[in-house]
Asks: 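I'd like to ask you about the structure that follows.
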Amino acid sequence: MLPILSPYLSGPFANYGKGVGLHTEHTSLTLDEQMKNGMLRHEISTFSQRKGVGKSRSQASVWHMHYTLQILPSIIVAQSVLQQSLPLSLKDVLWHTKLQQLQLPNQGINLSGCPTEIRYYDLIFKHLAPLHAWLNQQFGISSKVLWSNCTFRINQFLHAIEHALGHSEHLKNERRILLNECHINDQTNPLYSKPIMLTDSLNTYRIRDHCCLLHDVPNKSHCSDCPKLPKHIAHYSANRV
C-alpha cells in the first residue's frame with residue numbers, strides 16, 4: 001500500500017489498497033520493459049489459463065479486469081480524494097507478479113486545486129493508452145473493450161468512495177470530467193462513450209458499451225448490464241455509435 005493511503009484504506013478497506021505500492025527492488029524491470037521482453041504476455045496467459053480461459057481476446061480482457069480492480073481503487077483515492085498526481089507512466093512503474101501489485105518509484109506530488117485532467121493525464125495517456133495498444137497488438141483485443149472496462153471500474157469506485165465519505169460535489173465533478181466529457185487535455189477522451197440507457201418495468205439503467213468477456217471464465221455468465229444479453233441486443237444495436 002502507498003503510505004499516504006493508509007489512513008483511508010485501513011480496516012475493512014485495506015484490501016483495496018494492496019494493488020499499488022512503492023518499488024521494493026530497484027533493479028526490477030519497468031512495466032514498459034516487461035511488455036517488450038515477453039514477461040507481461042507470459043503473466044497474462046498464465047493468469048488467464050489458471051482461470052480456464054483459452055481464447056486470446058478473452059485472456060486479455062479477463063486479466064485487464066483483474067488489473068484494473070487491483071490498481072484503480074488506490075489511484076482514485078490518491079488522485080481524486082487527496083488530489084495527488086502519481087507517477088504512472090509505464091516507464092516509471094513495474095508490475096510485481098507475485099504480489100499482483102503495481103509498484104511506483106514515489107508517491108508523486110500534491111496538486112490540490114489543479115484540474116482533474118492534469119492529475120489524471122499520466123494514468124490515461126501514459127499508462128492505460130499504451131497498455132491498451134500493446135494488448136490489442138499481442139492478443140487482438142479491441143481497445144474499445146478495454147476502455148469500456150476502465151469506464152466501468154472508475155464509475156464503480158468513484159461511487160463507492162463517495163458512499164463511504166459522504167456526498168461530495170468534488171467527486172461528482174471528477175466523475176463528470178473523466179467519464180462524461182468528450183475531450184480531456186484537448187484530446188479525445190477515450191473513457192467517454194455515448195450512454196446507452198434502457199428502461200424496464202422497474203427502473204432505467206445503463207448498458208455496458210462493450211462486453212468484457214468475463215463470461216468466458218468457466219461457470220461465469222454475462223453481466224447484468226452486458227450488451228450481449230438477449231434482452232439488450234436489439235436496443236444496443238439500435239443505439240450504439
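Treat the numbers as computed from the prediction; the structure is a model and nothing was measured.
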Asks: Counting N and O atoms only, with roles assigned by atom type, does the side chain of Q34 sit under 3.5 Å from a partner on the main chain of L94, one being a donor and the other an acceptor?
Replies: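 No: the side chain of Q34 does not pair with the backbone of L94.
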Asks: Should we say atom OH of Y67 is surrounded by more than 12 heavy atoms from elsewhere, each under 6.0 Å from it?
Replies: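 Atom OH in Y67 is crowded, with more than 12 foreign heavy atoms closer than 6.0 Å.
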Asks: Would you call H132 and C150 a side-chain contact if the rule is heavy atoms closer than 4.5 Å?
Replies: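 Yes; the side chains approach each other to less than 4.5 Å.
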Asks: Considering all heavy atoms of both residues, which atom of G140 and which atom of R57 are nearest to each other, and what is their separation?
Replies: O-CD, 3.3 Å
Asks: Which atoms form the tightest heavy-atom contact between M1 and S6, and what is the distance?
Replies: SD-CA, 3.5 Å
Asks: Go through L5 and L82 one step at a time and tell me if the side-chain contact (heavy atoms from CB on, under 4.5 Å) criterion holds.
Replies: CA-CA 9 Å; L5 298 182; L82 302 182; 3.9 Å; yes
Asks: For T30, is there any backbone N or O sitting under 3.5 Å from a side-chain donor or acceptor partner on E33?
Replies: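 Yes, because the side chain of E33 sits within donor-acceptor range (under 3.5 Å) of the backbone of T30.
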Asks: Evaluate Q59 against Q138 for side-chain hydrogen bond (donor to acceptor under 3.5 Å, both in side chains), listing each step before the verdict.
Replies: CA-CA 11 Å; Q59 286 185 344; Q138 296 291 319; over 6 Å; no
Asks: When clusters are formed by joining ILVMFWY residues with side-chain heavy atoms under 4.5 Å apart, either directly or through shared neighbours, do Y192 and F157 land in the same one?
Replies: no
Asks: Check whether F139 forms a cation-pi arrangement with R41 (NZ or CZ under 6.0 Å from the six-membered ring centre, at most 45° off the ring normal).
Replies: yes
Asks: Has T204 got a side-chain atom pairing as donor or acceptor with L198's backbone, closer than 3.5 angstrom?
Replies: no
Asks: Show the atom names and distances, to 0.1 Å, of all donor-acceptor pairs under 3.5 Å that link a side chain in residues 214-228 to residues at least two apart or in another chain.
Replies:
| residue | atom | partner | partner atom | Å |
| --- | --- | --- | --- | --- |
| D216 | OD2 | S58 | OG | 2.3 |

Asks: Please report the closest heavy-atom contact between Q103 and H96, naming both atoms and the distance.
Replies: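 Looking at all heavy atoms of both residues, the shortest contact is NE2-CD2, 3.6 Å.
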Asks: For H167, does the NE2 atom sit with more than 12 other heavy atoms under 6.0 Å from it, leaving out its own atoms?
Replies: yes
Asks: Under 4.5 Å between any side-chain heavy atoms of Q101 and Q70, yes or no?
Replies: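 Not touching, per the 4.5 Å side-chain cut-off.
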Asks: When rounded to the nearest 0.5 angstrom, what distance separates NZ in K18 from CG in L2?
Replies: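 Reported to 0.5 Å precision, the distance equals 14.5 Å.
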Asks: Less than 4.5 Å apart, any side-chain heavy atom of L90 and any of K126?
Replies: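 No, side chains not in contact.
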Asks: Scan for side chain to side chain donor-acceptor pair (under 3.5 Å) pairs involving residues 72-82, sequence neighbours excluded, and state none if there are none.
Replies: S80-Y120, S80-E174
Asks: Any idea how F125 and Y121 line up, ring-wise: parallel (<30°), tilted (30 to 60°), or perpendicular (>60°)?
Replies: tilted
Asks: Return the CG to CG distance between L171 and L165, rounded to the nearest 0.5 Å.
Replies: 6.5 Å
Asks: Answer yes or no: is there a donor N or O on one side and an acceptor on the other, between the side chain of N110 and the main chain of S112, under 3.5 Å?
Replies: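 At least one qualifying donor-acceptor pair exists.
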Asks: When clusters are formed by joining ILVMFWY residues with side-chain heavy atoms under 4.5 Å apart, either directly or through shared neighbours, do L102 and L86 land in the same one?
Replies: yes
Asks: According to a 4.5 Å side-chain heavy-atom criterion applied to Ile, Leu, Val, Met, Phe, Trp and Tyr, with indirect links allowed, do V20 and L29 form part of one hydrophobic cluster?
Replies: no
Asks: Do M35 and M39 sit in the same hydrophobic cluster, where Ile, Leu, Val, Met, Phe, Trp and Tyr count as joined when their side-chain heavy atoms come under 4.5 Å apart?
Replies: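 No; M39 is not reachable from M35 via cluster members.
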Asks: Just how far is it from atom CG of L128 to atom CD1 of I71, taken to the nearest 0.5 Å?
Replies: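 Between atom CG of L128 and atom CD1 of I71 there are 6.0 Å.
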Asks: Which heavy atom in I124 sits nearest to a heavy atom in W147, and how many Å separate them?
Replies: O-CH2, 3.6 Å
Asks: Is it the case that one hydrophobic cluster holds both W95 and L146, taking links as side-chain heavy atoms less than 4.5 Å apart, direct or via other members?
Replies: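 Yes.
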Asks: May I ask you to test the P87-V93 pair for a side-chain heavy-atom distance under 4.5 Å?
Replies: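 SC-SC contact between P87 and V93 ruled out.
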Asks: Give me the atom names and distance for the closest heavy-atom approach of A60 to L135.
Replies: CB-CD2, 4.4 Å
Asks: Answer yes or no: is there a donor N or O on one side and an acceptor on the other, between the side chain of T68 and the main chain of M65, under 3.5 Å?
Replies: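 Yes.
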Asks: Would one find more than 12 heavy atoms of other residues, nucleotides or ligands at under 6.0 Å from atom CZ of F13?
Replies: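 At most 12 heavy atoms, drawn from other residues, nucleotides or ligands, come within 6.0 Å of this atom.
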Asks: Can you name the closest pair of heavy atoms from E117 and I184 and give their distance?
Replies: CB-CG1, 3.3 Å
Asks: Apply the hydrophobic cluster definition, ILVMFWY joined by side-chain contacts under 4.5 Å directly or through others, and give me every member besides L111.
Replies: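 Noted: L111 shares its cluster with I109, I118.
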Asks: Does some side-chain heavy atom of H23 sit less than 4.5 Å from a side-chain heavy atom of N106?
Replies: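 N106 does not reach H23 side chain to side chain.
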Asks: Side chains of S85 and D122: do they bring a donor and an acceptor to under 3.5 Å?
Replies: no
Asks: Hey, are the side chains of T46 and H42 touching, using non-hydrogen atoms and a 4.5 Å cut-off?
Replies: yes
Asks: What distance do L40 atom CG and L131 atom CG have between them, rounded to the nearest 0.5 Å?
Replies: 7.0 Å
Asks: Classify the side-chain pair H183/N189 by whether it contains a donor and acceptor separated by less than 3.5 Å.
Replies: no
Asks: Within the 4.5 Å heavy-atom criterion, are R175 and E162 side-chain neighbours or not?
Replies: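 Heavy-atom side-chain distance check passes, below 4.5 Å.
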Asks: Calculate, to the nearest 0.5 Å, the distance between atoms OH and CG belonging to Y16 and L72 respectively.
Replies: 13.0 Å
Asks: To the closest 0.5 Å, what do you measure between NE2 (H64) and CD1 (I44)?
Replies: 9.5 Å
Asks: Yes or no on side-chain contact (heavy atoms from CB on, under 4.5 Å) for H66 and Q100, after CA distance, side-chain angles and deciding distance?
Replies: CA-CA 10 Å; H66 165 74; Q100 293 293 285; 2.8 Å; yes
Asks: Decide yes or no for C212 and V62: does some side-chain heavy atom of the first lie under 4.5 Å from some side-chain heavy atom of the second?
Replies: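 No, every pair of side-chain atoms sits at 4.5 Å or beyond.
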